[in-house]
Number of protein chains: 2
Amino acid sequence: MRSKKAIFDLIPIGIYMMSDFTPLFDYVEKLSGKVLSADEKQIFMRHFKSKKLKKRQYFLQEGDVCKYTGFVVKGSARTFTVDEKGHEHILKLSVENWWLNDFESFYQLTPSRFNIQALEDMEILQITNALVDEFIKPIPAFAAMQNVISQNYTIAAQKRMQSAISQSGEQRFQELINEYPHFLQRFPQNMIASYLGLSPETLSRIRKNALK
Amino acid sequence: MRSKKAIFDLIPIGIYMMSDFTPLFDYVEKLSGKVLSADEKQIFMRHFKSKKLKKRQYFLQEGDVCKYTGFVVKGSARTFTVDEKGHEHILKLSVENWWLNDFESFYQLTPSRFNIQALEDMEILQITNALVDEFIKPIPAFAAMQNVISQNYTIAAQKRMQSAISQSGEQRFQELINEYPHFLQRFPQNMIASYLGLSPETLSRIRKNALK
DNA sequence: TGTATTTAATGACTAAAGTCAAGATCCAGC
DNA sequence: GCTGGATCTTGACTTTAGTCATTAAATACA
């Protein structure tokens, strides 16, 4: 049985940790539509580890297995590939309340084709695949959240695919402005260009035309 | 209590139906890694309805809600959009053992942005969202299958996005040949071109060059 | 089998986007 | 504030892919 002293000792840690985890708890509850119990929150806090990444630091490098999935508490990152000409192509821009990983590599434990790199100083909560399976997936709110995410992701991927196939660079740029207007403030233009599948020069010219 | 006669009456129907449903059962069992009980199979057979589509017939038209999800037993279809210039862009080619729907419209019951049209005479097994939720999702093998599908789909969408953003028309075509070699035999070249985001003329020229 | 329709190939031209190079501007860190 | 790297703009040119028009080939099907 726990003494009053022991409980007291835990409080400062608890308070400190809780504030870190609040965004994650809010996110899981919001997407799943379920409430997390105090016990369930403890499970999260025991198995997710806080990690800081400096700007330009890599979360994952091509060829490595994506051992962790991370929840972005603060900062941003890009997921990109490098083609045979040495050009980088950004597939995903991740900001607060997004997950950071390469699905394929993380679930199948195969070497990744992607690089994931911090664009700003970051704070993430990360966990391994094995620990997710053993401790986190059994939490109903988490499993429900996963289903919602994969549904949303599938829909978003389809939309993006549609614009990649059927729209001009300019149209894709306009769409990005509408969907993620803050991206323009937050990320350098060459990153936006790479995300749209355009050269930085082309995006610069598109913007110039759009303003006239 | 059921008489011997009544059971006997059911057998021919059962046998007839079973043969239709075999591909679906095999598919669910394979993807989920679980075995379906006789009772569970009966649930499938009670709620999925067989439907035939003639070549060129529409399964879904832009602006309509995608009321059904269909499992392709035989034939093929394309999912496409029409842009403001009247050009069609194929997002998905569906053949045997694939599902036929617009996720977004089907789950959210919103008007679809896509058309789905048979490219060959088709035979599908279809069901509404409400019936899936009530009768089919509770079957563990089906729920497990859904998770596997959404994982696979997410990975495939990411791969396709990567090639759309970072590869030339020719490279995308080569990749298609490697991944789905039978598509070239089965579908007209202009459909393949549309799927790759190319004009039919460009694909024709790419093929000519590749042969030299 | 013959004819209409669809699909594919090709040439000439146009449009969109990429490449390379140079200069301007912005900004982080000392 | 100064300085070096990063980012952005612009011009000249090249490459890639789209468009339009025409002809050829394949296919459907009556």
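No hydrogens, no waters, no symmetry mates; every other heavy atom, side chains included, goes into these values. Here is how names work: the chains are called A, B, and so on, in the same order as the sequence lines, proteins then strands, and each is numbered from 1.
- Between A/Ser204 and the phosphate of D/dT9, there is a side-chain N or O to OP1/OP2 separation shorter than 4.0 Å.
- The CE atom of B/Met191 sits 15 Å away from the P atom of D/dT27 (whole-angstrom rounding).
- Position along DNA chain D of the nearest nucleotide to A/Lys85 versus A/Thr202 favours A/Thr202 as the more 5'-ward residue.
- Taking only side-chain nitrogens and oxygens, B/Gln189 comes nearer than 4.0 Å to OP1 or OP2 of C/dA9.
- The residue among A/Phe187 and B/Arg205 whose nearest nucleotide of DNA chain D is located toward the 5' end is A/Phe187.
- No hydrogens or angles were tested; on distance alone, a donor-acceptor pair under 3.5 Å links the side chain of A/Glu201 to the base of C/dC20.
- A sub-4.0 Å separation between OP1 or OP2 of D/dA6 and a side-chain N or O of A/Asn190 is absent.
- Going from atom CD of B/Gln185 over to atom P of C/dA8 covers 13 Å, rounded to whole Å.
- Screening B/Ile116, B/Leu60, B/Thr69, B/Leu125 for a side-chain contact (heavy atoms from CB on, under 4.5 Å) involving B/Leu100 leaves a single residue, B/Ile116.
- Atom CG of A/Asn209 is separated from atom P of D/dG11 by 12 Å (rounded to the nearest Å).
- One interatomic measurement links the two molecules: CD1 of A/Ile192 to C1' of D/dT7, which rounds to 13 Å at whole-angstrom precision.
- Spacing between atom CD of A/Gln167 and atom C1' of C/dA16 amounts to 15 Å, rounded to whole angstrom units.
- The six-membered or imidazole ring of A/Phe44 lies near that of A/Phe25, with a centre-to-centre distance under 6.0 Å.
- Side-chain contact annotation: B/Gln158 with B/Tyr153, donor-acceptor N/O pair under 3.5 Å absent.
- The shortest distance between the side-chain N/O atoms of B/Ser199 and the OP1/OP2 oxygens of D/dA17 is not below 4.0 Å.
- Atom P of nucleotide D/dC29 and atom NZ of B/Lys55 are separated by 7 Å, given to the nearest angstrom.
- Other residues, nucleotides and ligands place no more than 12 heavy atoms under 6.0 Å from the OH atom of A/Tyr68.
- Dashed line: the shortest gap from a side-chain N or O of B/Lys208 to OP1 or OP2 of C/dA9 is not under 4.0 Å.
- Rounding to whole angstrom units, CG of residue A/Leu203 and C1' of D/dT10 are separated by 14 Å.
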Problem set entry | Evaluation steps, salt bridge (charged side-chain N to carboxylate O under 4.0 Å, His left out), between B/Arg186 and B/Glu96 | CA-CA 12 Å; B/Arg186 188 159 185 181; B/Glu96 288 81 7; 2.8 Å; yes
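- The distance from atom NE2 of A/His87 to atom C1' of C/dC20 is 11 Å, rounded to the nearest whole Å.
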